Amino acid sequence: MELSKNFQHNEAELKWYAHWNESGYFKSVPDERPPYTIVIPPPNVTGVLHMGHALNNTVQDILIRRAKMQGYNTCWVPGTDHASIATEAKVVNMLRDMGIDKKTMPRDEFLKYAWQWKEKYGGIILKQLEKLGCALDWERTSFTMDDDYYAAVIRVFNELYEKGLIYRGVKMINWDPKAKTALSDEEVIHRQTNSKLYYVRYKIDSEVEEYITVATVRPETILGDTGVCVHPEDERYAHLKGKFCFVPLINRRVPIIFDEYIDKEFGTGALKITPAHDINDYNLAQKHGLPVVDTLNEDGTMSEAAQLYIGQDRFVVRKAIVEDLKTSGNFVKEEDYSNQVGFSERTDAVIEPRLSMQWWCNMQELVKPALKAVVEDEEIEFHPAKFKNTYKHWMGTIRDWCISRQLWWGQRIPAWYDLEGGLYVAQTSEAAHAQYAAKKPELAAKHPELRQDDDVLDTWFSSWLWPMEVFGWNKDPNNKDLNYYYPTNTLVTAPEIIFFWVARMIMAGYEFLGKKPFDKVYFTGIVRDKQGRKMSKSLGNSPDLLKMIDDYGADVVRFSVVITSPAGNDLLFDDAQLEQGRNFCNKMWNAMRLVKGWEGRCQKGLDDSQVKFAMDWMDARLATVSQELTEMIAEFRLSEGLKTIYSLIWNDFCSWYLEWVKPGMEQPISKNVYDRTIAIFEQLLQLVHPYLPFVTEEIYHILKDRVAGDDLINRQLPVLTTPDAQILKDGLMLQELITAVRDTRNKNQLKPKDQIKLWVDSDNQAFYNKVQDILKKQINAGEISFTTEPKQGTISIVVQTDKLYIEAAATAGIDTTAQKLQMEKDLVYYQGFMASIDKKLGNERFVQNAKPEVIENERKKYADAQAKIKTIEESLALL
RNA sequence: GGGAGCAUAGCUCAGCUGGUUCAGAGCAUCUGCCUUACAAGCAGAGGGUCCGCGGUUCGAACCCGUGUGCUCCCA
């Protein structure tokens, strides 16, 4: 077979993904093996794959593939989230493009369109995950609005309602005037914004002409003012006790109240109270019995209650009212002001605090076991652990969760009302009617219809059940899958949704199943561009991931997102990483081509004693790295793990090992060496496979003919062995020798082709005998001989405590100044080094306090340095 | 305002329990090579006041305090 010079990814990726999938390797059913389970953070049905998904899902895939090789029954559950606000917005837009207004449409019809939209576009992101190579158990694909899932959400609502944890009430909520729905606190993003602070004076109701000046950034809310508040100890306003003033333009007479809440230093020290549109004002109004005037419509225009500007947008009014205040003489001044403004996470509209009737979930009880599990018992581990603090802080200050949304796409709130406003919460309409009939038989007989609540539940009110419901909790909480796979092992997610999702899943797990949903949570970083900016559509700095996969291959994309992404740190994405990944795949590919080329040149019975050292050394390196990698992956240090294997393959295997065992041109190779090389190669491929599944599977199969079912993805990792420390040490010495001689050649313009003769003055001749053929080949020495005498007319160098003399045709007249300088530099360094150890060992307190092994080590270092200095001095004397 | 975190080579970061063969890696840079697996490569090399200051300690990149600069979360 003719092998191309570089790895061709496109065909190989399609081929292997199909093969894995069709062979059922992704499929999991409970068996006697221990499970390793991950549930995917379900992407929005509206989603398309972006860098964040790539990182997140690559990490999960690495964990899954690695666990599979360790003998676990791995199960990675895919699925999507119905994402009520985002999806509804998409459908509304689609309808608008079709010339249809949502408002003119009944709910059922809208939902029909929504489902059509979901069927058509909802699966795109899952297809894209296939391209990335994700080993997902597709038969388990779930959706948060599947029938069973829907029922589970309704059931949970009922259970919490019956426990008294869910209630209906009027409270100040975050109102998104664009989506026309309430948002939870978590869905509001606060951003520092440049605003104006307007000073406006309100006339006091008294005989004399007197005013009180307030400062506000939202002058349009003046129309909803029902009071003015000052600090009780503020002498400037003490005389206003019991007085009233007039709201400008509309002349509403409102009281001046006194409360310690007021910050005397801020503005004028006087605060206008707009209870309907500010949470703090609302609280003050409640305390002081002030009325509430809601001046806003649901779309952010002024309502009738505002009296003025009715129907005009709040931001238009903000400008208009300033002009009108100027005209009326109430305007004092304006200042530039920077403040935090809340924006909707979904629509980016400026949030209006608004009083409204919503459904709430009391969190006080739910929080307790969830807090304990993470913070006290550490039953659930967070990686990195720093997020424990964030979690603890939030859980400690949690408030009730606003769970109703004024939307149609989602789980409709299972609450029904009779004509008198009576409320019936039930799992089904029938059950609600039964309640009604039992409670109000007369009314029910006359007016049997009940009206269901129009709102749906917050999307997160369904996602919090994800780890349990994907295994069919609602239908049978004692089913085989749930018992086997739950609690899941690891959750991999972004720190941004620690409150939205992670915390609530933990609460739901304990509340409804009495068990945690997962053992460990691994928080990935946020993907940023080279300049450290978050990737976003508006900045246009988000690369086209699918094109990237096409151009470079999924392996390379995976490589590039993992390599710079230490646990919990942000990931700065740069094209240079793509190149590095591509080069690495190519490196492995070419190593394969080299080894593959030996296949026909194998001979049995060849003397391979001279390369035995190379093989033993490579085995020891493999054993070392296997051990390290196991630890790193267990600690989620995935990027470090990849770097470690990268270096093992590129440096140890390709640059050293293959060069050491490589036969001369057209020369035969020992069958034994060939077989061991293949075995080593296979193990290397196996270590990288979780990171780069496609290229490794492809090479694995080209390297050797495989029987059906012998696929890399399935190979089990060998048991860890302890590496031979002496061989590792010898390997380092050999590398050091080779590098030192090559460096010397370089510095003395000795061409690689010029053969040299090497004299060695060492008391470890056995070592040189063991590696001499390798050494000869690597430094192009015709001969290596031992000596105890300095050799005249050679270049002398020192490696560790051995003296080497390089003799070549051209060495006689070579300039040794540079070398001399280097040696003198080394000498100074080692003398200083020795002196510092000497001082330390001479320090009584050190000898008393330091651990014995530390002292022992210092003594050894001292002796080594001493020997080294002696050697250098001897060599210097020669020059 | 409350909380969390970061500062080490030009860049991105390691450095896990304090112990100079521990100041490291990758990328980038420089020098020399088209050596028959790979120029998407090979062989070498250079590069650092471990943010400033103070303290603890026999010993500090590491622990403590403080200053400066930056980031994130919450109100």
Side-chain angles (χ1 to χ4, degrees), chain A residues 3 5-7 185-186 189-190 263 279-280 340 342 384 386-394 396-397 495-496 498-499 526 528 530 532 534 556 563-566 568-574 576-598 631-632 635 637 639-640 642-644 646-647 650-651 654-655 658-659 662 664-666 732 736 738-747 749 751-753 778-780 800 829-830 832-834 836-837 839-851 853-855 857-858 860-861 864-865 868:
Chain A
L3 289 169
K5 217 169 169 184
N6 302 323
F7 171 56
D185 292 341
E186 290 72 35
I189 300 165
H190 294 273
D263 177 2
I279 180 65
N280 300 313
Q340 292 281 339
K386 66 178 177 188
F387 288 111
K388 249 169 69 175
N389 289 330
T390 316
Y391 178 85
K392 186 180 167 188
H393 190 249
W394 184 74
T397 57
E496 301 159 297
I498 184 168
F499 308 132
I526 295 164
R528 296 170 184 280
K530 215 168 149 180
K534 216 163 152 173
V556 172
I563 196 74
T564 52
S565 165
N569 276 22
D570 286 356
L571 176 162
L572 271 72
F573 190 82
D574 185 353
Q577 287 138 28
L578 287 171
E579 309 253 318
Q580 198 188 347
R582 183 195 58 186
N583 296 351
F584 182 51
C585 290
N586 190 45
K587 188 72 185 175
M588 288 192 285
W589 178 259
N590 277 291
M592 178 272 290
R593 285 177 62 214
L594 174 69
V595 174
K596 188 71 184 167
W598 299 342
E631 286 161 18
M632 286 174 186
E635 292 167 24
R637 287 147 61 198
S639 116
E640 222 179 317
L642 178 54
K643 282 176 184 162
T644 307
Y646 174 91
S647 158
W650 200 306
N651 300 325
C654 293
S655 298
L658 287 178
E659 295 299 333
K662 192 184 196 172
M665 236 212 312
E666 309 288 313
L732 280 176
E736 212 176 307
I738 293 168
T739 304
V741 174
R742 282 173 175 170
D743 184 29
T744 309
R745 297 183 76 118
N746 246 350
K747 286 186 172 142
Q749 276 92 42
K751 296 247 152 44
K753 278 182 185 148
Q778 294 290 282
I779 61 176
N780 191 20
Q800 296 195 3
Y829 170 79
Y830 282 108
F833 180 57
M834 209 169 92
S836 81
I837 302 175
K839 196 176 146 201
K840 200 183 278 186
L841 286 170
N843 184 332
E844 255 178 62
R845 296 171 77 180
F846 170 72
V847 181
Q848 275 167 14
N849 295 327
K851 282 178 274 185
E853 58 264 36
V854 172
I855 296 171
N857 192 33
E858 293 297 321
K860 189 174 172 308
K861 284 193 289 194
D864 287 350
K868 183 96 191 173

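The model shown is predicted, which means the values in this text are computed figures rather than measured ones. Numbers restart at 1 for each chain; the letters A, B, ... are given by sequence-line order, proteins then strands.
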Presence of A:Lys662 side-chain N/O under 4.0 Å of B:U35 phosphate oxygens OP1/OP2: no

Residues in side-chain hydrogen bond (donor to acceptor under 3.5 Å, both in side chains) contact with A:Ser655, at least two apart in sequence or another chain: none

Under 3.5 Å, which protein N or O atoms sit close to an N or O of nucleotides 41-44 of chain B? Give each pair with its distance.
residue : atom : partner  : partner atom : Å
B:G41   : OP1  : A:Asn583 : ND2          : 3.0
B:G41   : O3'  : A:Lys587 : NZ           : 3.2
B:C42   : OP1  : A:Lys587 : NZ           : 2.5
B:C42   : OP1  : A:Trp650 : NE1          : 2.8
B:A43   : O3'  : A:Arg742 : NH1          : 2.9
B:G44   : OP1  : A:Thr739 : OG1          : 3.3
B:G44   : OP1  : A:Arg742 : NH1          : 3.2
B:G44   : O2'  : A:Asp743 : OD1          : 2.9
B:G44   : O2'  : A:Asn746 : ND2          : 3.4

Nearest-angstrom distance from the residue atom OH of A:Tyr646 to P of B:G26: 8 Å

P gap between B:G15 and B:C63, integer Å: 12 Å

Stem segments of RNA chain B by first residue number [Watson-Crick or G-U, under 3.5 Å, at least 3]: B:1-7 with B:68-74, B:10-13 with B:24-27, B:29-33 with B:41-45, B:51-55 with B:63-67

Under the salt bridge (Lys or Arg N to Asp or Glu O under 4.0 Å) test, residues paired with A:Glu659 that sit two or more places apart: A:Lys662

Nearest-Å distance for atom pair CH2/C1', residues A:Trp598 and B:A37: 9 Å

With A:Glu631 via salt bridge (Lys or Arg N to Asp or Glu O under 4.0 Å) - residues at least two apart: none

Qualifying residues under salt bridge (Lys or Arg N to Asp or Glu O under 4.0 Å), relative to A:Arg593, sequence neighbours excluded: none

A:Gln577 CD to B:A28 C1', straight-line distance once rounded to whole Å: 13 Å

d(CZ, A:Phe387; P, B:G3) in whole Å: 19 Å

